[in-house]
Amino acid sequence: MTAPLLEVTGLTTTFGTGGKRASAVRGLDFTLEPGKVLGIVGESGSGKSVAMMSMLQLLAPSAKVTGSAIYKGRDLITMGPRDIRKIRGKEIGCIFQDPLSAFNPVKTIGHQIVEAILLHDSKISKRAATEHATSLLADVAIPQPGERLGQYPHEFSGGMRQRAMIAMALANGPNLLIADEPTTALDVTVQAQILDLLRKLTEERGIATILITHDLGVVAGMADEIMVMYAGRVVERGSAEAIFYDTRHPYTRGLIAAMPKLDGPGEILRAIEGTPPSIWTRPPGCSFAPRCSFAIEACRTTEPGLRRVGETETACMRAEELDKGMPA
Amino acid sequence: MLKYILRRILTIPLLLLGVASVAFMLSQMTKGDPLAALVPERMMSDPAVVAAIKAQWGLDEPLPVRYVYYMGNLLRGDMGTSFTTRRPVSTDIAERLPATLELVVAAMIVGTVVGMGIGLVSARFRNTAIDGAGRGFALLGSSVPIFWSGLILLYIFSVRLKWTPGTGRLDARTQPPEGITGFYTIDAALAADWPVFVQALSHLLLPALVLGWSVTGIVARLVRSSLLESLGQDYIRTARAKGAPEHRVLLGHALPNALIPVLTVLGFTFAYLITGAVLTEAIFSWPGIGSYAVSSARSLDYPAIGGVTIVGATAFLLANLVTDLAYAWANPRIKLQ
Amino acid sequence: MTDGADIHPTARKPGAWRAGWARLPLTGQLGVMILLFWAVTVVTVQFWPLAEPLDMVGRRLQPPSGDHWLGTDALGRDVLSRTLHGAVYTIPIAFAVVLSAVTIGSTFGALAGFFGGWVDAVIMRAADVTLSFPPILLAMTVAATLGPGLQNAAIAMVIVWWPIYARLMRAQVLEVRTREHVEAAVAGGAGRMRVLTVHVLPLCWTPTLINATMDFGQVALLAASLSFIGLGAAPPTPEWGSMISEGAAKFYSWWIAFGPGMAILSIVLAASFVGDALRDIFDKRSVE
C-alpha cells in the first residue's frame, strides 16, 4: 500500500455565531491514495461540498473547522494563509458546479487561466504563460484555443466553459483535483463528454480526484471508492462495486433507485420522499430515520456509527437484516 | 448596441430643446424689462441701438416669433447680454468655464479616489470600527452643507493653521499662466512655471477637497455594497481556489465587477458636483461660472443665470451620456447585445 | 372579496409602536429623536426663555460665552436664539415642499402609469426635461424669475422635485397594475378611476414614503442653499442659510455660522437615518 496523498480525520465544520452553532460536517474520516478517484455522494446540504471547502479554508470566517486533513504530511486545516495559498491551485485544483458564475464575467477566459499560472510561477513570462494556457485549452479539446483565450465567459457554451474550468484547474499540474458537481449545470449529453474528459485527463496525469455529486450515476464509471454522505456524516462507504452491488444503507438504496436507468425503459424514477434535515433542526438518533421506511424505534434514539457489514462500511443498525430480500 | 448608442445620442438634442424652451418660458416671465436685460444702460437712450436689439430679439413680435428668434440666437451661441457685467453672457461664461471645470475635475478625482478607498477598506473590514468610521466620514460629507463646511475648513486651514492660501485661484498679485487649457495647474505645468503651479495647486486643494468630500459618500456607499455583493459571488471562490492572495481577490476580481455599478453613479455625482460647485465657488471666491451664477441670481440678472443654466444642463446631459456609454463599454456582457 | 386583506395593512395591535421603535436601528432612533426635537422647537420656540432673535442683546461679534452660548453676530444678536428660531422657517418650508412635490408628482406619475398613451408621453417628457437641469441651477433660475423670497424658493424647489416622485409612482403603478387583484377588479367591471384609487394606489406608497423622508433633509439643505445665495429668506430673518451667509461675510467669527450649520447637518443626517431605517423595515417585510 502506497502512502496516502490525503488523510482526513475527524473533520468537523460548524457554522453560526455566538452560542448558536450547528455542524454541517460531523467527524469525517477518509484517506485518498495518489491517482485514485473518490466519489462523495449525497443530496445538497449533506455537507459534502462544505467538507471540501473546509479543507481548503475557503469558507467564510464564521465557519469553524476542527479535525485534520494531512496532505503530503502537512495539515491543511491549521496551515497559515500564505501556505494554504501555495496549495490552492498548485497542489490541489478545483472545479465548481456552475462554470458561468465560477468565472469572473468581466475578464477573458485567457486572462483568468494565465492568472492561475502566474500566481504559482513567478519566473514564467506572460507570453510563455499564454502559450501554456493555449495548450491547456487544446488539452481539454476546445477548438481554436488561441482565439478562445481572448473571449469572455459569456461567449462560451456551458460545456466549453466547464472544459475551460478543467483546463484552469489543471494549469499548475496539481496532484489532487476536487470536482464539485462538475456536470450538474450541464445538458445530459454534454455531461458524459465532460466526465470522459475528466477521467481521461486525470488518468493520463495520475491525478487523484475527489468527485462530489448528488448523482450516483456520475461516480459510477469513475470512482474507485464511494462515500455516501447524509446530514454531515458518512452513512456508507466502500468500493464502487460494493456500493452498487452490495448496498446496505437504505439511503444508498434510495439513491440507486433514483438513478435513471437507460436499460429499463418506462421505469418510473423513484425519489426518496421528504427532504434532508437542515443543520439547525437535526433529529436525535439516525438523521435519516424520519425518511426511512425501515426505521424502528431504536433508530430514532441512537445514532449508529460506521461498521463493516459485508462488502461495505455502513452506518445503519439494521444493515444485516436489510441485506437481502427487502425492497429498496 | 449601436442602436442603443444612437438612440441615446439622439435624445440629447430633444432634451436640450426642452431645456431651452423652459429657459425661454422663464425669461418671458421675468418681472424686469427684457430690454433692460439686452441693452447696456448707457445705450438705452440711443433709439438706433434699441431698435436694432429689438429686431435681433424680435421683441416687438408675438410670442411664437420671439421663441423662434430666441432659439435662433441660442443656436448661434448668443445668450444675450448680462446687465451686471454689460457683456455678452456667452463671453462671460467662456471666460469662467475653465475655472469651474478645473475645480469640478479635481473634486471628481478627490471624490472618486477617496470614495473608492473608503468603500474598499469598509468592505474589506466590514462591520468593524474601521468600517464604521469610514462610512461615518463619507455620510458626513454628503450631509454637511457645503457652503458651511467650506467656511469652517477655510477658517481652520487658512486662517488658523495657515496651511492653505486664502480664496481665489491664485494669490492676488500673481499673473495667471498663459495657456490653452485654462486650467491654471496644467497651464503652469506646461509652461514649466513651477512656483505658479504650486500656488495654483495649493489654491485648488481646499475647494477641491470640500467639493470632493460631498460626493465621497455616494461613491463609498456604492463601492462598499457592490464589493460586498461581488465578494459573495462564485468567481471569488474560484479566485481563492486558484491560490490568489486576498488583496488580489479584492482588487483584481471583486473590484472590476464592483466598478460597473459605480460607473452609473458618476453621472449622478456630476449633478451633485455642479450643485456643490455653485456654492463652493461662492465661498472660495472661485471665479468660475458657479460664482457667476450666484452673483447673477443675487442681482436678478436673468440672461446670465439663464445662460449658466442652459450650459449647466448641457454639461449635465453630456455627463450622463458619457456615463451610459462607459457603462456599456465596461460591461462585456452588454457589449455584445 | 379577498383583495381587501391585500389593500389594508393588518390593523395595528396595541404596543405596535413600541415594537416598531425597538426594531429601529440606533441611528434610526437617533434620527427620529432629532426630527421630533426640531418639530417641537418649531411649535414651542416662541415660549422658550431665549433672547429675541431680532434684538441686539449683547456686544457685537462676541465668541461663545456663558451669556451667549453660541456667541453674538455682527449686529450683537444671540446666535443660539437665532438658530433655534431658524427652525420655524426651514422645517415648515421643507415639509410643505416635500408634501407638494409628492402630491403633484405622484398624481402625474399615477396618471401616466395608469393611462399610458399620450398622457404618459406628455407627463414623462416634461419630467425628463425637468430632470435635465442640475437641480440648483433650475431652482436658482426659477427663483430669480419669480423674485427672491422664501415662498418663491419653495415653488422653485417643488418644480425641481416633482419629477422624481412622478417617476417613482409611475414605476410602482405599472408594476401593481398587472397584479391579479387589479385585473380581477377590472374584469369585475370597476370604473378606471375607481380601480386606480381603490385597487392600485394604496399599494404604491412605500417607495414614495421612503424617498420623501430622505428628501426632507435634501430639501432643507437646498432651501438653506438658496437663502445662502440670497434667493430665499432675506435678512434679518433668522434663516439658517442667510445666517451662514452673514457668517461668511465675517468669517473670522466662525461661531456665527456654526449654529445654523450644525442645525442643517442634524436635519439632513436625521432624515437619511430615518429613511434608511424605513427602507430596511419595508425591504425586510417585502422579503418575508
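Naming convention: chains lettered A, B, ... in sequence-line order (proteins, then strands); numbering from 1 in each chain. Every value quoted in this text rests on a predicted model; they were computed, and no experiment measured them. Only this structure's heavy atoms are used, side chains among them; waters, hydrogens and symmetry mates stay out.
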Check: If you tally heavy-atom pairs under 4.5 Å against chain B, which of Val129(C), Ile229(C), Leu138(C) wins?
Finding: Ile229(C)

Check: Is Ser90(B) reaching over with its side chain to a backbone N or O of Met79(B), donor-acceptor style, under 3.5 angstrom?
Finding: no

Note to self: Looking at Arg167(C) and Asp128(C), is any side-chain nitrogen of the basic one under 4.0 Å from a carboxylate oxygen of the acidic one?
What the structure shows: yes

Next item on the list: Taking the side chain as every heavy atom from C-beta outward, state whether Tyr292(B) and Pro287(B) have any pair of such atoms under 4.5 Å apart.
Entry: no

Item checked: Ile244(C) versus chain B, the contacting section by heavy-atom distance below 4.5 Å -> both

Next item on the list: Can you tell which part of Leu26(B) gets under 4.5 Å to a heavy atom of chain C, answering side chain, backbone, both or neither?
Entry: both

Checklist line | chain C contact via Ala282(B) - which portion, at a heavy-atom distance below 4.5 Å | finding: side chain

Item checked: Centroid separation Tyr89(C) to Trp240(C) less than 6.0 Å -> no

Notebook entry, point to check: When heavy-atom pairs shorter than 4.5 Å are enumerated against chain B, which of Val142(C), Leu137(C), Leu222(C) gives the highest number?
Noted result: Leu137(C)

Check: What part of Phe147(B) gets closer than 4.5 Å to chain C, counting heavy atoms only: side chain, backbone, both or neither?
Finding: both

Note to self: Tell me which of these, Gly306(B), Pro145(B), Ala297(B), has more heavy-atom pairs under 4.5 Å with chain C than the rest.
What the structure shows: Pro145(B)

Checklist line | Option in Ala144(C), Ala143(C), Gly230(C), Gly261(C) with maximal non-hydrogen atom pairs under 4.5 Å from chain B | finding: Gly261(C)

Check: Heavy-atom distance under 4.5 Å to chain B: side chain of Ile267(C), backbone, both or neither?
Finding: neither

Checklist line | Contacting region of Ser245(C) [heavy-atom separation from chain B under 4.5 Å] | finding: side chain

Next item on the list: Report yes or no: does Arg96(B) contribute a side-chain atom to a donor-acceptor pair with the main-chain N or O of Gly288(B) at less than 3.5 Å?
Entry: yes

Notebook entry, point to check: Ser291(B) side chain to Glu281(B) main-chain N or O, any donor-acceptor pair under 3.5 Å?
Noted result: no

Notebook entry, point to check: Side chain, backbone, both or neither: which part of Val144(B) has a non-hydrogen atom closer than 4.5 Å to chain C?
Noted result: both

Check: Which one, Thr314(B), Thr275(B), Val308(B), leads in non-hydrogen pairs under 4.5 Å with chain C?
Finding: Thr275(B)

Note to self: Is it the case that the ring center of Trp161(C) lies less than 6.0 angstrom away from the ring center of Tyr165(C)?
What the structure shows: no

Margin query: Is Val294(B) in contact with chain C via its backbone, its side chain, both, or neither, using a 4.5 Å heavy-atom distance?
Written below: both

Next item on the list: Report yes if the side chains of Asp120(C) and Arg170(C) come closer than 4.5 Å at any heavy-atom pair, otherwise no.
Entry: yes

Check: Does Arg77(C) come within less than 4.0 Å of Glu246(C), counting only side-chain N to carboxylate O?
Finding: yes

Notebook entry, point to check: Salt bridge between Asp131(B) and Arg126(B), side-chain N to carboxylate O under 4.0 Å?
Noted result: no

Check: With a 4.5 angstrom heavy-atom cut-off, which part of Thr141(C) approaches chain B: side chain, backbone, both or neither?
Finding: both

Next item on the list: Could you tell me which portion of Val278(B) (side chain, backbone, both or neither) has an atom closer than 4.5 angstrom to a non-hydrogen atom of chain C?
Entry: side chain

